[in-house]
Amino acid sequence: MSAALLTLTGIAKSYHDGAPVHALLPTDLRVDEGDYVSVTGPSGAGKSTLLNVLGLLDLPTEGSYEVAGVETVRAAESLRVAIRGQWFGFVFQSFALLAGRTAVENVELGMLYRAIPARRRRALAMAALDRVRLAHRAHADPRTLSGGERQRVAIARAIAASPRVLFCDEPTGNLDSGNTDNILDLIGDLHADGQTVVVVTHDSKVARRGVRHVHVADGIVREAPAAQRHQRGR
Amino acid sequence: MGRAELGLDRPRLTVADLLREAWLSLAGHPARSLLTALGTVLGAAAFVATLGLSSTLAHQVADSFDVRRATEVTARGARADAPSWQEPSALARLGRLNGVRVCGARVILPERPVSRSLGEGATPLQTQVSGVDAGALAVISPRVVLGRAFDSYHDTDAQPVVMLPAAVARGLGVHRVGVAVFIEDRPYTVIGIFDDVARRPEALVSVLVPYAVAQPMAALSSGEVKRDVVIETEPGAAQLVGAQAALALAPEDPARVEVVVPPDPRTLRQEIEGSVARLALVLSLVALGIGTVSIGNAATAGIVARTAEIGLRRAVGARPRHIFSQLIAETTLLGTLGGFLGAVGGIVITVVVALANGWQPVVDVTTALSATAAGAGAGLLAGLLPAWRATRIQPVVAIAR
Ligand SMILES: Nc1ncnc2c1ncn2[C@@H]1O[C@H](COP(=O)(O)OP(=O)(O)O)[C@@H](O)[C@H]1O
Ligand SMILES: [Mg+2]
């Protein structure tokens, strides 16, 4: 059995602007090395909230969250910044690429705040673009790229420095079905090479690619039974 | 502690990366950057052009200042009394002063009739008559176009001779020397005609006679007689001579003598530069304020537009201090570039205006450098608040957008 990489214990999140919203009710969840977890559920269910807490983009209001055995909720912000920047990679629905910079410069940005020399960042960025089959567009302005190509640049940015976990929030939300398959194949390949992946989606077609299936509804997180998991074997 | 356990590096941003990021952000949005820096550009241009044009003008004033007039000092009686200060001994004391080249006495008589002939048909001209000794004549230096000037013989022997300004000679119909003209009813021989003077331009409308000839005329004159001592100094010695002339001419009572010196070209230049520099300072403080506010406003507005970008940077591992430094670097860089561009613009304005007027442009590098530095300061100051605000942006907004 592989080592626990991420461990949520009694994690909950509520918002308090106006009437309190319990976006996430107390949750236990464990993500292991090499997992491919897909998180599904209707809109407003709390999927993004769960991913933000897992990715250390946001703090929970209660509970404890350990990364490789190190508690993060009550730790210094600088520790969360370091884990987020060096262990995690993020892919967002909106691509979040910077205009006015080439594709490879956007990929490099993912490694900017780390002790990686500029030349090595360029080499890693080019390798990552090659991995997503976009080496030939390395110096293109993202505004001239198609949606699918932009998301591949974003994936290259997330994986360039080999993160321990790749978090994707609705990675295909802005793509047509052809590009969606393309991106899902790419994520599947990464997982096959050992990448730990957590994908949030409201699309069951996307969710089906996952190995583990977590369902969120009204802030309640439930993992689908193992039996369902094995269906994917086919 | 936790970082070491997980084998994580300390998040960091090198200065080279910081500057590169700031530059990419500015260069990636040229229109936004230009608009943000506009206030600083205009402010710096106004500063450099104002100072540049004022130095150019001051230089011009000092340059075109009449060098002859600047060596001219005049002493006259403060009261109507016996002119002991015009006597040869007084003039000799004055002549020994350092910086005095030549000096002499003058007596200026009120206008009186001067004519070519006496009797019927004569048309006298009402003309001022001045008695000048050899020294005063040397100071005035008339340009003789016909005949000759007086010499010491004419003066000491009180010879009845005159020198006529060309305009008076024409008016009287005198076209050669050796003929007589009448002042009141006494004849004088015309020995010279002059058309210009080096000093004392009022001599151009005055009939000149030897000092000794004018003395008895003054004694009989009914109108106001003016007396003075005219001095030509060494270049640059006018102020010094002016300060000592009264004492040299009237040692027993210097207050009897009033001395007129030309304005000091250096003082004049400093006065112009001083007043324009004060104006420029006020102008540039206002411009600097406008520049700071405009960068500050644009940067604050930019933070809202860049929320997603800042969230992304935080998501990929930027600490709040990295966000702060980058935004400060951006506004400072923008202020510096704006200041530099404005300084260049100001120099261009100075040179173009100067050349268009045929002046020698005076451009001060220090002014251009301080305009650039002021731009940098404005950028830094303007960035503080928006940069601090940007550090409040949470990484989660990278997903929310
Ligand atoms: N910043 C916030 N402030 C207040 N309520 C929020 C905020 N973010 C999310 N919520 C609420 O929390 C709930 C879960 O949101 P989210 O996790 O984004 O849902 P999902 O990603 O499943 O669509 C929703 O009801 C949403 O309105
Ligand atoms: Mg969501």
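Reminder, nothing fancy here: chain letters follow the sequence lines and each chain counts from 1.
Proximity to chain B (any heavy atom under 4.5 Å) is shown, for A:Arg80, by neither the backbone nor the side chain. Contacts of B:Arg306 with chain A are absent, with no heavy-atom separation under 4.5 Å from either backbone or side chain. Looking at A:Glu71, neither its backbone nor its side chain comes within 4.5 Å of chain B, counting heavy atoms on both sides. Only the side chain of A:Leu98 comes within contact range of chain B, with heavy atoms under 4.5 Å apart. Only the side chain of B:Leu312 has a heavy atom closer than 4.5 Å to any heavy atom of chain A. When heavy atoms are compared at a cutoff of 4.5 Å, B:Gln394 does not approach chain A at all. No part of A:Glu66 comes within reach of chain B, as not one of its non-hydrogen atoms sits under 4.5 angstrom from that chain. With a 4.5 angstrom heavy-atom cutoff, A:Ile116 touches chain B only via backbone atoms.
Note on A:Ser78, A:Ala99, A:Ala68: by heavy-atom pairs under 4.5 Å with chain B, the leading option is A:Ser78. Interface check for chain B: of the options A:Arg121, A:Glu170, A:Met111, A:Glu77, the most heavy-atom pairs under 4.5 Å are formed by A:Arg121. Ranked by heavy-atom pairs under 4.5 Å with chain A, the first of B:Arg314, B:Arg10, B:Glu309, B:His29 is B:Arg314. Taking A:Val81, A:Ile83, A:Val67 one by one and counting their heavy-atom pairs under 4.5 Å with chain B, the maximum is reached by A:Val81.
Heavy atoms from other residues, nucleotides or ligands lying under 6.0 Å from CZ of A:Arg120 number 12 at most.
Here the straight-line distance linking atom CZ of A:Arg131 with atom CE of A:Met126 works out to 15.5 Å at 0.5 Å rounding. Atom OG1 of B:Thr350 is separated from atom CG of B:Leu53 by 4.5 Å, given to the nearest 0.5 angstrom.
No donor-acceptor distance shorter than 3.5 angstrom exists from the side chain of A:Glu62 to the backbone of A:Pro26, with no hydrogens or angles considered.
Using a 4.0 Å cut-off between a side-chain N of Lys or Arg and a carboxylate O of Asp or Glu, A:Arg101 and B:Glu21 qualify as a salt bridge.
The shortest non-hydrogen separation linking A:Glu149 to A:Leu134 is O-CD1, 3.2 Å.
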Using the rule given for side chain to side chain donor-acceptor pair (under 3.5 Å), can you reason through B:Thr366 versus B:Asp364, listing the C-alpha separation, both sets of side-chain angles and the distance that settles it, and then say yes or no? CA-CA 5 Å; B:Thr366 329; B:Asp364 187 3; 3.0 Å; yes

Begin with the C-alpha distance, continue with both residues' side-chain angles, and end with the deciding distance and a verdict on side chain to side chain donor-acceptor pair (under 3.5 Å) for B:Thr14 and B:Asp17. CA-CA 5 Å; B:Thr14 63; B:Asp17 283 338; 3.1 Å; yes

